[in-house]
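Read through the structure below, which is laid out as structure tokens, and then see the notes.
For the single chain, residues carry numbers from 1 onward in sequence order. Below, all heavy atoms of this structure are taken into account, side chains as well, without hydrogens, waters or symmetry copies.
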Amino acid sequence: MSRILIIEDEEAIAELEKDYLEISGFDVEVASDGTEGLARALNETFDLYILDLMLPGIDGFEICKQIRNKQNTPIIMVSAKKDDIDKIRGLGLGSDDYITKPFSPSELVARVRAHLARYERLINSAITGNDILTIRGLKIDKTDRRVFVNNVEKPFTTKEFDLLCFLAQHPNRVFSKEELFKKIWEMDPEGDIATVTVHIKKIREKIEYGTSKPQYIETIWGVGYRFKV
Ligand code: CA
């Protein structure tokens, strides 16, 4: 069941959205201010966000920006003012859709369904083999074996490329260092798994904005690594 987070301070609107989405088969959570909403978005797992623009705490613009730094999860922004919608577009914050209040609940449900379906296709295409994978600012060209970060090409060694490509093609799955070593080096990992750590470090230096808080390759302590989409 898809899990949706509504970030909305007007209780009546949040309840209306929640009711309609639950009737339509979604699992829905509500955060009633910006601070709580952002914290939950960054620390829990959701399939879609419905984000009000004017919120106490942190406003919807900032929340959208911060979620987009970490995730490709669909965001539908909601505002009472048409002007705000124009502003959202102009800022290019990376939200997927905009809806003005008042809106019909059935329209909201239809848009939620469309965005969830689109996002699922995106993840599937990352898994099953488009030749070019694009994840936020990162572009991996599998045919030419080239990697671009914000349209700037980064040099990759063969194994670095294989490792990045493998992780990106299996998004949101955790792999142990042993598993990665077997996959990429095609040998039994007899104490050589430090090689994986070294390669991950080098890849991060090329693709991450800050290596202390990686947005693509996440370390799962005691387990291994996961590529986040
Ligand atoms: Ca509001």
Side-chain angles (χ1 to χ4, degrees), residues 1-5 27 29 38-49 66-74 116 118-150 152-229:
M1 191 191 286
S2 295
R3 193 157 180 259
I4 296 170
L5 178 64
D27 182 5
E29 299 281 324
L38 180 61
R40 293 193 65 178
L42 298 181
N43 293 305
E44 298 177 37
T45 306
F46 294 97
D47 299 296
L48 183 141
Y49 302 102
Q66 293 210 27
I67 291 176
R68 267 297 162 270
N69 280 337
K70 303 271 176 194
Q71 309 167 8
N72 274 335
T73 309
L116 286 170
R118 185 192 60 81
Y119 188 55
E120 199 172 312
R121 282 198 301 276
L122 178 81
I123 289 187
N124 285 339
S125 72
I127 295 167
T128 54
N130 280 7
D131 287 341
I132 294 178
L133 304 178
T134 307
I135 310 104
R136 298 183 288 280
L138 174 67
K139 190 169 99 181
I140 305 170
D141 184 331
K142 283 158 55 185
T143 310
D144 292 344
R145 299 181 63 87
R146 296 166 79 186
V147 178
F148 300 83
V149 178
N150 296 326
V152 178
E153 186 168 8
K154 302 284 175 170
F156 268 68
T157 67
T158 303
K159 291 299 181 200
E160 285 166 9
F161 183 87
D162 290 346
L163 183 54
L164 174 65
C165 205
F166 177 78
L167 286 168
Q169 283 179 281
H170 300 85
N172 296 337
R173 263 180 62 186
V174 182
F175 292 96
S176 69
K177 289 174 191 172
E178 286 82 0
E179 283 174 306
L180 293 172
F181 190 83
K182 274 190 206 164
K183 286 276 177 207
I184 307 302
W185 279 266
E186 296 172 339
M187 286 186 279
D188 273 331
E190 290 171 6
D192 286 334
I193 56 167
T195 308
V196 176
T197 316
V198 171
H199 278 74
I200 294 281
K201 182 168 176 285
K202 288 188 176 155
I203 293 170
R204 279 180 176 154
E205 285 166 3
K206 295 171 196 185
I207 67 170
E208 303 284 2
Y209 298 116
T211 49
S212 62
K213 258 203 148 185
Q215 56 156 345
Y216 294 112
I217 301 176
E218 189 178 26
T219 301
I220 310 296
W221 291 107
V223 188
Y225 300 103
R226 172 170 65 183
F227 192 94
K228 288 190 290 187
V229 299

**OP:** Sequence neighbours left out, what passes ring-ring contact (aromatic ring centres under 6.0 Å, His included) with Phe46? Give chain and number order.
**Re:** Tyr49
Original post:
Ignoring hydrogens and geometry, is there a side-chain-to-backbone donor-acceptor pair from Arg3 to Thr45 under 3.5 Å?
Top reply: yes
Original post:
For the side chain of Arg136 and the backbone of Gln215, is there at least one donor-acceptor N/O pair under 3.5 Å apart?
Top reply: yes
Listed by chain and number, what are the side-chain contact (heavy atoms from CB on, under 4.5 Å) partners of [X], not counting sequence neighbours?
X      : result
Val198 : Lys202
Arg204 : Ile200, Glu208, Thr211, Pro214, Ile217, Thr219, Tyr225
Asn150 : Tyr209

Could you give the distance from [atom1] ([X]) to [atom2] ([Y]), rounded to the nearest 0.5 Å?
X      : Y      : atom1 : atom2 : value
Thr73  : Tyr119 : OG1   : OH    : 4.0 Å
Asp141 : Thr134 : CG    : OG1   : 9.5 Å
Thr157 : His199 : OG1   : NE2   : 4.5 Å
Glu29  : Arg40  : CD    : CZ    : 4.5 Å
Leu5   : Asp27  : CG    : CG    : 11.0 Å
Tyr216 : Leu164 : OH    : CG    : 10.0 Å

Which atom pairs, one a donor and one an acceptor, fall under 3.5 Å between side chains of residues 178-186 and the rest of the protein, sequence neighbours left out?
from: Glu179; atom 1: OE1; to: Ser176; atom 2: N; distance (Å): 2.8
from: Glu179; atom 1: OE1; to: Ser176; atom 2: OG; distance (Å): 3.4

Subject >> Nearest heavy atoms of Asp47 and Ser2, plus distance in Å >> reply: OD2-CA, 3.3 Å
Subject >> Least distance between heavy atoms, Ala168 atom then Ile135 atom >> reply: CB-CD1, 4.4 Å
**OP:** Any pair with a residue in residues 160-171 that passes salt bridge (Lys or Arg N to Asp or Glu O under 4.0 Å), sequence neighbours left out, goes on the list, sorted by first then second residue, please.
**Re:** Arg145-Asp162, Glu160-Lys206
Subject >> Steps toward side chain to side chain contact (heavy atoms under 4.5 Å, CB included) verdict (Phe156, Ile207) >> reply: CA-CA 11 Å; Phe156 268 68; Ile207 67 170; 3.9 Å; yes
